[in-house]
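Naming convention: chains lettered A, B, ... in sequence-line order (proteins, then strands); numbering from 1 in each chain.
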Amino acid sequence: MAQSERIKPLGRLLQRDFFEAPPERVARLLLGKILVQRTRGRKPIAGRIVEVEAYLGPHRQPADPAAHSYRGPTPRNQVLFGPAGHAYVYSIYGRYFCMNVTCEREGRAGCVLLRALEPVEGLDQMARNRGLDGCPTLLASAAADARRVGIGRELTSGPSRLCQALGITRSAHNGVDLLDPSSPLELRDDGTRAGRVLVTRRIGIRHAVELPLRFAIAGNGCVSGPKSMRRASVFSPSCSVR
DNA sequence: AGGCCGATCCTCT
DNA sequence: GAGGATCGGCCTA
């Protein structure tokens, strides 16, 4: 009974064909899904995906010069050219990691960057992983007030923050299959609908700045970025909120 | 609320 | 040898 109660709220594993589609499509579909991190002998850590960005493979026309795959396969990005539904984890600025989900068939390097989660399970462990456990006030209110107070933003709002909260690293997680029940990282569907979706330009890039490839659950308090990037008017009217 | 800055190191040119 | 899909602290207002 305790087992089924623990597993049920995290839903069922996603299927491969879910990811064998263009990244713009997979990005929207991933909103509301759950990322679960399992470590042997530890309780699972889980968060709901509330913000993502799509990066297009070099086979696309026009190309996406902001994508890591833009100049073709290299040792770092080879996972992107492999099969769909795997984790591409890379290090950035010497201190942090970011996690992507691979899309499309093998040979096509589209992917989706996870930019923010809403904490679902293991909030205390997230706080420890983020180094926030020195603050008793934050820890005490974390579980109950995650949505209202904003501890959720501190924990998992940002591509590197969410990796830190879930203990995701390149050495441990780059290339893992997200659809394998024995994998340390899983993507699951508990039936939650994303609702209205905010569409904007992508954050923090220098090339192809104008493309509307960032997707977030409209109004969700865990979405990252400055306030201007969390409102409905950031991009052209035709693609702001759907 | 928003802007600037430094940390810090791996990857590719 | 340059630069980056970031973050947190500090500043101004």
Closest listed nucleotide, where the reference is the side chain of [X] and the choices are [options]:
| X | options | result |
| --- | --- | --- |
| A/P226 | B/dT11, B/dG2, B/dA7 | B/dG2 |
| A/I92 | B/dC12, B/dG2, C/dA5 | C/dA5 |
| A/R130 | C/dG8, B/dG2, C/dA5 | C/dG8 |
| A/Y93 | C/dT6, B/dC12, C/dA5 | C/dT6 |
| A/K227 | B/dG2, C/dA5, B/dC12 | B/dG2 |

Output the rounded distance in Å from [atom1] ([X]) to [atom2] ([N]).
| X | N | atom1 | atom2 | answer |
| --- | --- | --- | --- | --- |
| A/D64 | C/dA5 | CG | C1' | 10 Å |
| A/N174 | B/dC10 | CG | P | 15 Å |
| A/N77 | C/dG4 | CG | P | 17 Å |
| A/Q78 | B/dT11 | CD | P | 12 Å |
| A/R161 | C/dT6 | CZ | P | 12 Å |
| A/R231 | B/dG2 | CZ | P | 11 Å |
| A/H68 | C/dA5 | NE2 | C1' | 5 Å |
| A/I168 | C/dT6 | CD1 | P | 16 Å |

Which comes earlier along DNA chain C counting from the 5' end, the contact point of A/H207 or that of A/Q164, where each point is its nearest nucleotide?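 Its nearest nucleotide lies further toward 5', so the answer is A/H207.
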
Output the pairing pattern of DNA chain C as a dot-bracket string, 5' first, Watson-Crick or G-U wobble with both distances under 3.5 Å, | for cross-strand pairs, [ ] for crossing pairs. ||||.|||||||.

With stacking defined as ring centroids separated by under 5.5 Å and planes differing by under 30°, is A/Y55 stacked against C/dA5?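 A stacking contact exists, since A/Y55 sits close and nearly parallel to the base ring of C/dA5.
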
Cation over ring face, A/R202 and A/Y55, 6.0 Å, 45°: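 Yes, a cation-pi geometry.
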
Closest-nucleotide mapping onto DNA chain B: is A/R95 or A/R71 further toward the 5' terminus? I mean the 5' end.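 Nearest nucleotide further toward 5': that of A/R95.
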
Nearest-nucleotide wise, let me know which of A/R170 and A/Y96 is further upstream toward the 5' end of DNA chain B.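 Here A/Y96 is the residue nearer the 5' end.
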
Would you please say whether a donor-acceptor pair under 3.5 Å links the side chains of A/S91 and A/R170?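 No, because no side-chain N or O of A/S91 sits under 3.5 Å from a partner of the opposite role on A/R170.
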
For the residue pair A/S160 and A/F97, establish whether any side-chain heavy-atom pair is separated by less than 4.5 Å.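 Not in contact.
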
Might you point out which heavy atoms bring A/A84 and A/E104 nearest each other, and give the distance in Å?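 Reported closest heavy-atom pair: CB-O, 3.1 Å.
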
Can you tell me if CZ on A/R25 sees more than 12 non-hydrogen neighbours from other groups inside 6.0 Å?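 No.
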
Touch class at under 4.0 angstrom, heavy-atom based, for A/R76 against every strand present: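 Sugar-phosphate: the residue A/R76, judged by heavy atoms under 4.0 Å, touches backbone atoms but no base.
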
Walk me through whether A/R161 and A/T156 qualify under side-chain hydrogen bond (donor to acceptor under 3.5 Å, both in side chains). CA-CA 5 Å; A/R161 284 176 172 180; A/T156 54; over 6 Å; no

Out of curiosity, does A/V52 fall in the hydrophobic cluster containing A/L178 (side-chain heavy atoms, cut-off under 4.5 Å, transitive links)?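 Looking at the clustering, A/V52 is in the same group as A/L178.
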
Assess the residue pair A/R128 and A/Q125 against the criterion (side-chain hydrogen bond (donor to acceptor under 3.5 Å, both in side chains)); give the C-alpha distance rounded to whole Å, side-chain angles, the decisive distance to 0.1 Å, and a yes or no. CA-CA 5 Å; A/R128 282 194 292 274; A/Q125 186 61 50; 2.8 Å; yes

